[in-house]
Amino acid sequence: MQVPAQVEYEKATSVKHALSLLARYGPEAKVLAGGHSLIPMMKLRLAQPEVLVDINGLSDLCYIDLAGGELRIGTLTRHAQLLESRLAGEHFAILHDAERVIADPIVRNWGTVGGSLCQADPSEDLSAAFAAMKGTMVIQGPDGRREVSARAFHTGPYETVVGSSELLTEIRLPIRPGGGSGYLKVARRAGDWPVGAAGAAVWLAAGSRAGSGGGSGPTIVDAGIGLAALGATHFVAAEAEEFLRGQPADEQTLARAGEIAAEHCRPVTDQRGPADYKRHLAQELTTRVLRLAVSRAGGVLRCNSR
């Protein structure tokens with residue numbers, strides 16, 4: 001039976017208290033949120049913190065609301081709550097798409113959004129989704145709050161910009177007109193980590209969406225593409241995004257974006273599949289999820305004869 005090493009336990013009663021505990025114990029402390037990633041790693045002795053700081057009682061970090069033209073998600077929001085949120089689904093369908101394929105109902109009922117992001121697993125679904133939507137992470141520490149782009153949040157496998165005496169407290173997603181989003185994933189079994197996954201958000205020019213009568217498809221004003229488990233730097237297919245800006249959202253354009261995403265990602269062969277297969281997934285999933293995002297943004301895809 002796998003048993004974690006001995007560890008001290010502290011239960012935080014407020015954000016201020018949690019920060020003081022983290023400052024007191026330093027790098028040897030770990031934050032316990034849902035625990036569905038940390039506890040298994042402790043059982044395998046891949047993580048051996050000396051102190052666990054339990055923040056599950058901080059109900060003020062559990063919310064989903066609108067403010068300042070942004071969807072704001074508290075770091076202790078459970079996966080199930082995000083999946084059930086009409087507000088989140090109305091503005092960002094990608095969130096519901098991603099949450100439906102994360103683990104199972106038991107994990108989703110207790111695992112947290114912030115915990116998943118801070119785990120920084122290269123295969124993390126929400127990391128790719130928030131990168132695609134160009135979200136902002138709010139981090140609180142002894143010196144106050146600071147904001148970091150979702151694309152700069154992860155510094156490497158299992159590493160983030162959150163310091164040892166800081167907490168991720170909120171994720172902010174800007175609500176922009178003409179947007180649509182989606183998330184697609186291939187896994188070996190339901191609820192498993194992805195073999196490969198892609199999320200996309202697109203914003204179309206107001207005059208070029210459905211009903212405008214354009215012949216070459218709606219124009220893409222901006223796009224975000226997030227890849228999970230496919231070796232994309234910071235989970236982002238930046239070169240494909242750059243290609244899409246200003247282009248018509250037709251089948252050829254989206255297919256080419258998929259090719260570019262595949263060309264620039266660096267998947268590795270592991271127990272979930274060979275690198276060549278994963279590169280194929282990067283291309284196919286990117287093309288398909290862009291098609292879904294364009295459709296949800298109100299665009300009508302057309303075949304271009306170029």
Side-chain angles (χ1 to χ4, degrees), residues 1-62 73-79 102-103 106-128 130-131 135-171 193 228-229 233-235 270:
M1 182 177 180
Q2 296 171 346
V3 179
Q6 185 174 351
V7 62
E8 297 294 325
Y9 174 85
E10 296 274 8
K11 187 172 183 65
T13 56
S14 67
V15 171
K16 183 178 179 179
H17 184 213
L19 293 175
S20 69
L21 290 171
L22 292 172
R24 181 195 308 172
Y25 292 110
E28 301 309 318
K30 289 287 186 182
V31 174
L32 178 64
H36 283 285
S37 296
L38 178 59
I39 299 302
M41 291 183 71
M42 290 174 62
K43 288 182 176 181
L44 293 170
R45 304 299 173 97
L46 296 174
Q48 296 190 52
E50 293 182 3
V51 181
L52 288 180
V53 177
D54 187 347
I55 64 170
N56 277 283
L58 308 187
S59 58
D60 55 335
L61 293 182
C62 182
I73 303 169
T75 191
L76 276 185
T77 300
R78 310 292 169 176
H79 293 295
I102 290 176
I106 295 174
V107 172
R108 291 196 294 266
N109 280 335
W110 192 247
T112 65
V113 173
S116 293
L117 294 171
C118 289
Q119 177 66 12
D121 191 298
S123 300
E124 170 55 46
D125 294 290
L126 286 186
S127 295
F130 285 123
T136 298
M137 309 298 191
V138 180
I139 300 168
Q140 190 161 334
D143 299 323
R145 293 187 179 184
R146 62 189 179 101
E147 296 183 4
V148 177
S149 165
R151 298 176 168 219
F153 184 74
H154 298 98
T155 56
Y158 306 101
E159 296 179 347
T160 74
V161 297
V162 180
S164 60
S165 59
E166 293 183 315
L167 279 176
L168 172 67
T169 57
E170 185 177 75
I171 304 98
W193 292 104
T233 303
H234 298 298
F235 295 92
D270 58 18

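A quick note: this is a predicted structure, and the numbers were derived from the prediction, not measured. Just so it is clear, the values below take in all heavy atoms, side chains as well, and ignore hydrogens, waters and symmetry mates.
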Let me see the working for Ile171 and Thr136 under side chain to side chain contact (heavy atoms under 4.5 Å, CB included), right down to the final yes or no. CA-CA 6 Å; Ile171 304 98; Thr136 298; over 6 Å; no

Please give me the minimum heavy-atom distance between [X] and [Y], naming the atom from each residue.
{"X": "Pro122", "Y": "Pro157", "value": "CG-CB, 3.9 Å"}
{"X": "Val161", "Y": "Glu166", "value": "O-OE1, 3.8 Å"}
{"X": "Ala47", "Y": "Leu38", "value": "CB-CD1, 4.2 Å"}

Does [X] reach the main-chain N or O of [Y] with its side chain, forming a donor-acceptor pair under 3.5 Å?
{"X": "His154", "Y": "Thr160", "result": "no"}
{"X": "Thr75", "Y": "Leu61", "result": "no"}
{"X": "Arg108", "Y": "Ile102", "result": "yes"}
{"X": "Trp193", "Y": "Ser123", "result": "no"}
{"X": "Gln119", "Y": "Asp121", "result": "no"}

Side chains of [X] and [Y]: does their closest heavy-atom pair fall under 4.5 Å?
{"X": "Val148", "Y": "Val162", "answer": "no"}
{"X": "Leu58", "Y": "Val15", "answer": "yes"}
{"X": "Glu50", "Y": "Gln6", "answer": "no"}
{"X": "Arg45", "Y": "Met42", "answer": "no"}
{"X": "Tyr9", "Y": "Val53", "answer": "no"}

Test log, rule side chain to side chain contact (heavy atoms under 4.5 Å, CB included), inputs Ser127 and Leu117: CA-CA 6 Å; Ser127 295; Leu117 294 171; 3.7 Å; yes

Between atom [atom1] of [X] and atom [atom2] of [Y], what is the distance when rounded to the nearest 0.5 Å?
{"X": "Cys118", "Y": "Tyr158", "atom1": "SG", "atom2": "OH", "result": "14.5 Å"}
{"X": "His79", "Y": "Thr112", "atom1": "NE2", "atom2": "OG1", "result": "6.0 Å"}
{"X": "Met137", "Y": "Phe130", "atom1": "CE", "atom2": "CZ", "result": "6.5 Å"}
{"X": "Phe235", "Y": "Glu124", "atom1": "CZ", "atom2": "CD", "result": "7.0 Å"}
{"X": "Ile139", "Y": "Thr169", "atom1": "CD1", "atom2": "OG1", "result": "8.0 Å"}
{"X": "Thr13", "Y": "Ile55", "atom1": "OG1", "atom2": "CD1", "result": "12.5 Å"}

Can you confirm whether more than 12 heavy atoms, excluding those of Lys11, are under 6.0 Å from its NZ atom?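 Atom NZ in Lys11 is crowded, with more than 12 foreign heavy atoms closer than 6.0 Å.
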
N-O pairing of Arg145 and Glu170 below 4.0 Å: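 Salt bridge flag = no for Glu170 with Arg145.
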
Using atom types as modelled, flag every donor-acceptor pair under 3.5 Å from a side chain in residues 19-33 to any protein atom, sequence neighbours excluded.
from, atom 1, to, atom 2, distance (Å)
Ser20, OG, His17, O, 2.6
Tyr25, OH, Glu10, OE2, 2.6

Taking side chain to side chain contact (heavy atoms under 4.5 Å, CB included) as the test, write out the residues that go with Glu159, two or more places apart.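 Glu159: side chain to side chain contact (heavy atoms under 4.5 Å, CB included) contacts with Thr155.
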
